[in-house]
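Notes to accompany the following structure.
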Amino acid sequence: MTVRVRFAPSPTGYLHVGATRAALFNYLYARQKGGKFLLRIEDTDLARSTDESTRSILEGLGWIGLQPDEEVVFQSNNADKHRAAAKKLLDEGKAYRDFTPKAVPSDANVKDTIKDRARAGQGTRNMRDNAYRNISNEDSDSRAAAGEPFAIRLKVPETGKTSFEDGVFGFQERDYSETEDLVLLRSDGHPLYNLAVVCDDIEMEITDVIRGQDHLTNTHKQILIYEALGVTPPNFAHLPLILAPGGKKLSKRIHGEIVSLTTYRDAGFLAAAFRNFLALMGWSAGEEKEIYSLDELVEKFSLDGVHRSSAIFNYEPNNPKRWTDDKLIWMNAEYIRTMPLTNLLPFVKEELRSAKLWREEYQPEGRALSEAATSTADLRPDDRPAAVAIDLPEYGSYDWFVRVVDLIRHRFFTLKDFSLQGRAYFSEDYDFDPVAVEKNLKKFPDLQTWLPELAGRFESEFASTPYTEENIETVVKAFSEEKGTRLGVIMNGARTLLTGVAVGPSMLSVFEIIGLERTLMRLKSQLAWN
RNA sequence: GUCCGGUUCGUCUAGGGGUUAGGACACCGCCCUUUCACGGCGGCAACACGGGUUCAAAUCCCGUACCGGAUACCA
């Protein structure tokens with residue numbers, strides 16, 4: 001039997017980080033087994049479901065690269081089938097009509113209300129004490145015919161237990177006395193979650209249900225429904241939860257946008273890096289390797305490697321440097337600086353484009369960015385004979401763009417950095433980091449005249465000499481000695497003027513890549529001093 | 001309350017009877033260097049607690065504590 005798994009989010013908001021991981025694990029499992037990964041939108045709660053949310057889920061899955069293999073199933077489209085199933089169970093005496101008037105929950109804190117009510121039961125509540133459980137068929141039928149509203153509840157047997165072998169948690173068992181006669185159909189005729197899930201999973205021929213640990217008790221209820229329906233249940237595997245730093249379940253409501261996948265896409269994370277990080281939340285291949293391509297994940301993934309303990313997703317709301325999990329930030333940076341340049345360029349292009357910094361010259365007609373890879377090795381400053389200037393790409397050209405990206409990516413964390421930290425490489429209109437100005441310029445007031453003077457020196461020196469790292473170094477060194485100051489003072493002052501920031505690649509490379517013309521302009525500029 | 005689950009460095013984790021308890025992130029130090037968030041080297045830092053089984057327990061068993069999840073005419 002070929003494996004069929006599904007990711008079944010409810011469309012009540014953006015795609016959640018925890019849900020995304022569940023989707024990922026389902027996907028990996030399916031791919032590894034040569035099976036299908038399906039998507040079902042659980043929109044039976046009409047009041048809370050929105051199309052907007054459905055779009056956002058689809059978009060998020062698309063971004064992270066988890067496309068469903070078959071058409072998306074909308075649970076609400078199957079409501080008639082769910083009702084038919086409930087009717088069948090009713091007819092067979094496996095379910096009964098409950099005429100108890102619907103209790104309207106105070107919607108403020110439903111969770112708390114439920115909890116309080118459960119606690120009030122003192123754990124000794126008889127789950128079978130429903131007055132309508134054993135009502136006669138005639139009585140039930142006539143009341144229904146008279147138009148009295150009713151819910152349909154599953155008639156859970158008096159004694160026995162549900163059990164299953166969980167793919168992660170092992171053998172699970174629960175006494176019937178712990179499970180109440182769950183409602184299958186609301187009094188307004190709407191099917192409820194557990195019934196809908198079971199019906200749809202049967203219909204979709206799902207073989208393995210992989211979902212969060214918060215569904216463990218649902219699984220017992222669902223097995224009861226499978227049994228009543230006379231269908232063999234699928235395999236189940238529950239995933240440990242992802243917790244917030246406080247130790248609570250990561251939730252949209254209390255943790256906000258930090259749990260939304262779109263937050264990471266918008267913040268300049270690479271889908272591959274995010275996916276890689278997520279895979280490591282609650283799963284390990286049992287080796288020290290941490291960087292995995294999607295193919296490698298598919299190959300290595302196993303439910304045996306999934307943990308039973310929950311993981312904490314770290315973040316500090318008020319710390320810009322650690323606004324999200326620091327390992328995630330590291331991993332994104334790791335991808336940016338080590339992935340094949342070929343693969344990175346299109347992302348940089350998109351980032352520059354959205355920041356209005358992209359220029360078509362960076363990608364001439366007929367040249368795909370991916371072609372760049374073969375030429376970059378030659379463009380690496382280290383590999384190039386220092387005295388040879390001829391291979392310095394023209395400012396603003398395609399080769400220049402490729403080389404700049406390769407040069408500046410090493411200290412970047414997100415794609416956003418290319419347009420923020422790296423802005424000065426692509427535009428004349430860039431800001432000066434006040435900290436850098438203070439530390440590298442104002443601390444040495446002489447620089448205000450020295451740097452324009454250095455520009456003059458460059459102008460004359462490089463009128464006939466090639467503007468290369470080696471030659472630049474000679475000139476700057478001579479200049480700093482002449483001024484009786486450390487080389488670093490000149491270099492860092494120039495860095496601040498040329499790039500607006502205090503960090504970056506070797507300053508000699510920066511001079512060279514910025515080009516003589518712009519170097520002169522920026523060294524002479526008084527903008528940063530004001 | 002009851003049921004279920006969990007507990008190895010701050011975090012993600014490896015290890016499942018004999019290990020100097022390993023790696024990664026973060027942090028700290030040193031080196032490289034014109035600065036730096038790159039790179040190199042090093043450091044700090046963990047088996048929740050109590051019993052038991054055993055020659056030997058982080059590892060197996062029991063209990064305690066703590067944490068989490070579930071509990072609905074939500075999903």
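The analysis underlying the following values was restricted to heavy atoms, covering all of them including side chains, and did not include hydrogens, waters or symmetry mates. Just so we're on the same page: letters track the sequence lines, and every chain starts at 1. In this text, all values refer to a predicted model and were calculated from it rather than measured experimentally.
One C1' atom belongs to B/rC61, the other to B/rG16, and the distance between them is 14 Å to the nearest Å. When the C1' atom is used for both B/rG18 and B/rA56, the distance is 6 Å, rounded to whole Å. On the C1' atoms, B/rU20 is 42 Å away from B/rU34, given to the nearest whole Å. B/rC27 sits 10 Å from B/rA37 when the P atoms are compared, rounded to a whole Å. Annotation: B/rA21 and B/rU59 have their C1' atoms spaced 11 Å apart (nearest Å). Across the P atoms, B/rG43 and B/rC25 are found 15 Å apart, a figure rounded to whole Å.
For A/Arg143 and A/Phe99, the positive end sits near the middle of the six-membered ring, less than 6.0 Å away and at most 45° from its axis. Cation-pi check for A/Arg423 over A/Tyr430 is not met; the charged atom does not lie both under 6.0 angstrom from the ring centroid and within 45 degrees of its normal.
Partner of A/Tyr264 under the ring pair (Phe, Tyr, Trp, His ring centres under 6.0 Å) criterion, chosen from A/Phe274, A/Phe277, A/Tyr14: A/Phe274. Put simply, the residue from A/Phe236, A/Phe169, A/Tyr193 that forms a ring pair (Phe, Tyr, Trp, His ring centres under 6.0 Å) with A/His215 is A/Tyr193.
The nearest whole Å value for the distance from the CG atom in A/Leu216 to the P atom in B/rU71 is 12 Å. If you measure from atom CZ of A/Phe169 to atom P of B/rG68, you get 16 Å, rounded to the nearest angstrom. Atom C1' of nucleotide B/rU11 and atom CG of A/Asn319 are separated by 15 Å, given to the nearest angstrom. Remark: P of B/rA70 and NE2 of A/His238 are 12 Å apart, rounded to the nearest angstrom. A straight line from NE2 of A/His215 to C1' of B/rC74 spans 11 Å, rounded to a whole angstrom.
Taking every heavy atom of both residues into account, A/Met331 and A/Glu290 meet most closely at CE-O, 3.8 Å.
For B/rC36, neither phosphate oxygen OP1 nor OP2 lies less than 4.0 angstrom from any side-chain nitrogen or oxygen of A/Arg411. Listed pair A/His410 / B/rA37 fails the phosphate criterion, with no side-chain N or O lying under 4.0 Å from OP1 or OP2. In this structure, A/Thr217 does not reach the B/rC3 phosphate: none of its side-chain N or O atoms is under 4.0 Å from OP1 or OP2.
Residue-to-nucleotide proximity on RNA chain B shows that, of A/Asn440 and A/Lys248, the 5′-proximal contact is made by A/Asn440. Between A/Ser284 and A/Gly504, it is A/Ser284 whose nearest contact on RNA chain B lies nearer the 5' terminus.
Heavy atoms of A/Arg495 sit under 4.0 angstrom from at least one base atom. Contacts of A/Lys289 with the nucleic acid, taken as non-hydrogen atoms under 4.0 Å apart, are absent. Within 4.0 Å (heavy atoms only), A/Leu508 reaches at least one base atom of the nucleic acid. Counting non-hydrogen atoms under 4.0 angstrom, A/Ala502 reaches a base of the nucleic acid.
Interface remark: the A/Arg337 side chain does not form any donor-acceptor pair with the B/rC38 base, using a distance-only criterion of under 3.5 Å. Evaluation of atom-type donor-acceptor distances gives no pair under 3.5 Å for the side chain of A/Ser506 against the base of B/rU33. Side-chain N/O atoms of A/Arg174 and base N/O atoms of B/rC4 include no donor-acceptor pair closer than 3.5 Å.
With a cut-off of 3.5 Å on both pairing distances, B/rA21 has no Watson-Crick or G-U wobble partner at all.
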* Mind running side chain to side chain donor-acceptor pair (under 3.5 Å) on A/Thr414 and A/Asn332 for me, showing each step along the way? => CA-CA 6 Å; A/Thr414 71; A/Asn332 201 53; 5.4 Å; no
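The side chain of A/Lys221 lies closest to B/rU71 when the candidates are B/rU71, B/rG69, B/rU11.
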